[in-house]
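Report on one structure; see the data block that follows.
What you see is a predicted model; the values in this text were computed from it and never measured.
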There are 2 protein chains.
Amino acid sequence: MKKDKRARLERAGWKVGTVRELLGLSRAEEALVELKLILSRGLRERRTRRRLTQAQLARLLKSSQSRVAKMEAGDPSVSIDLLIRSLLAMGTTQRELAQVIAHKTR
Amino acid sequence: MKKDKRARLERAGWKVGTVRELLGLSRAEEALVELKLILSRGLRERRTRRRLTQAQLARLLKSSQSRVAKMEAGDPSVSIDLLIRSLLAMGTTQRELAQVIAHKTR
DNA sequence: TGACTTCATGTCAGACCTGACATACATTGT
DNA sequence: ACAATGTATGTCAGGTCTGACATGAAGTCA
């Protein structure tokens with residue numbers, strides 16, 4: 001949000017904050033959610049780039065289609081652990097993983 | 001290992017491989033173990049740099065001293081999830097996290 | 001339309017992880 | 001030696017995550 005717009009809104013009596021503040025998430029919690037989002041995107045990207053279906057990837061990962069879908073959707077029932085293990089199982093290197101994490105949501 | 005040393009050993013009848021091959025770990029499994037190691041080191045570094053005891057950090061993380069010890073030891077009972085959540089809770093940014101991961105074990 | 005393919009969502013038993021506790025070990029100071 | 005402080009390790013009840021299954025939704029093709 002631009003500075004001037006914020007100022008205008010605040011003059012008008014609005015309490016302007018981030019989504020994080022609205023939902024009452026701590027900085028760390030927010031970072032965790034974002035991290036998960038980034039990893040799930042990375043996973044989907046890598047799968048589609050290889051033209052695999054979720055079912056095919058599931059076989060590769062010894063998981064199930066539904067879990068792959070949930071991973072890519074950033075479902076709350078999916079841990080960062082699983083996302084990272086899946087990326088690694090797809091051949092992602094540690095360096096690439098770091099790059100994925102470094103790229104923030106824009 | 002230097003190339004020439006490897007060659008010498010192999011001439012002498014040794015099958016030279018990596019730890020991974022010895023233990024029968026897949027590339028992905030190895031990467032996972034290494035990742036965990038790196039994160040646990042990162043955690044300990046950040047704690048000692050702040051001159052906190054494990055018990056103090058535990059309070060901060062709403063965990064226990066024994067779990068912190070296990071985190072720093074890379075204990076099998078500790079998930080990558082917990083390590084990352086702990087780092088984030090200590091104020092580590094996403095970018096810093098990426099840097100930690102990018103630094104390979106030397 | 002119906003058959004087929006791909007992805008999404010709900011549920012659940014069993015596997016796995018977590019905080020807490022007890023206790024052991026190591027180091028330092030007296 | 002003893003006490004104090006910090007760290008390591010084993011155990012376990014309760015909580016979370018996972019693969020699998022069922023089913024739905026959306027798209028494609030004939």
Next on the checklist: It should be established whether S79(A) places a side-chain nitrogen or oxygen under 4.0 Å from OP1 or OP2 of nucleotide dT18(D).
Outcome noted: yes
Checklist entry - Looking for any heavy atom pair under 4.0 Å, which part of the strands does V68(B) touch: base, sugar-phosphate only, or nothing? => result nothing
Checklist outcome for this item: When rounded to the nearest 0.5 Å, the distance separating CG of L88(A) from CD of E96(A) is 10.0 Å
Item to check | E29(B) backbone acceptor or donor facing S26(B) side chain under 3.5 Å | outcome: yes
Checklist entry - For E72(B) and dA8(D), what is the distance between atoms CD and P respectively, to the nearest whole Å? => result 7 Å
Checklist entry - Going from OG on S79(B) to CG on L82(A), what distance comes out if it is rounded to the nearest 0.5 angstrom? => result 12.0 Å
Checklist entry - How close or far is atom C1' of dT5(C) from atom CD of Q56(A), stated in whole angstroms? => result 11 Å
Checklist entry - Within the structure, does a side-chain N or O atom of R67(B) lie under 4.0 Å from either OP1 or OP2 of dT9(D)? => result no
Checklist outcome for this item: K70(A) NZ to dT16(D) C1', in whole Å, measures 14 Å
Checklist entry - What nucleotide, of dC21(D), dT7(D), dT18(C), holds the atom closest to the side chain of Q65(B)? => result dT7(D)
Next on the checklist: Whole angstroms only, please: what is the NZ-P distance between K36(B) and dC16(C)?
Outcome noted: 12 Å
Item to check | Carboxylate-amine/guanidinium proximity below 4.0 Å for R47(A) and E72(A) | outcome: yes
Checklist entry - With a 4.5 Å limit on heavy-atom distance, are the side chains of D81(A) and I84(B) in contact? => result no
Checklist entry - With a non-hydrogen cut-off below 4.0 angstrom, is S63(B) in contact with a base, only sugar-phosphate, or nothing? => result sugar-phosphate
Item to check | Nearest-neighbour nucleotide for the R44(A) side chain, dA8(C), dT7(D), dG19(C) considered | outcome: dA8(C)
Item to check | Protein-nucleotide distance (I84(A), atom CD1; dC17(C), atom C1'), rounded to Å | outcome: 16 Å
Checklist entry - Please give, in whole Å, the distance from dC7(C) C1' to L57(A) CG? => result 13 Å
Next on the checklist: Tell me if the side-chain of S66(B) makes a donor-acceptor pair with the base of dC21(C), cut-off 3.5 Å, by modelled atom types.
Outcome noted: yes
Checklist entry - When we call it a touch if two heavy atoms are under 4.0 Å apart, what does T53(A) touch: a base, just sugar-phosphate, or nothing? => result sugar-phosphate
Next on the checklist: Given dC7(C), dT9(C), dG19(D), identify the nucleotide with an atom nearest to the side chain of R47(A).
Outcome noted: dC7(C)
Next on the checklist: Tell me the interatomic distance from M71(B), atom CE, to dT7(D), atom P, rounded to whole angstroms.
Outcome noted: 14 Å
Checklist outcome for this item: Sorted by position of nearest nucleotide on DNA chain D, 5' first, the leading residue of D75(B) and V78(A) is D75(B)
Next on the checklist: Between C1' on dG19(C) and CD on Q54(B), what's the gap in Å once rounded to a whole number?
Outcome noted: 15 Å
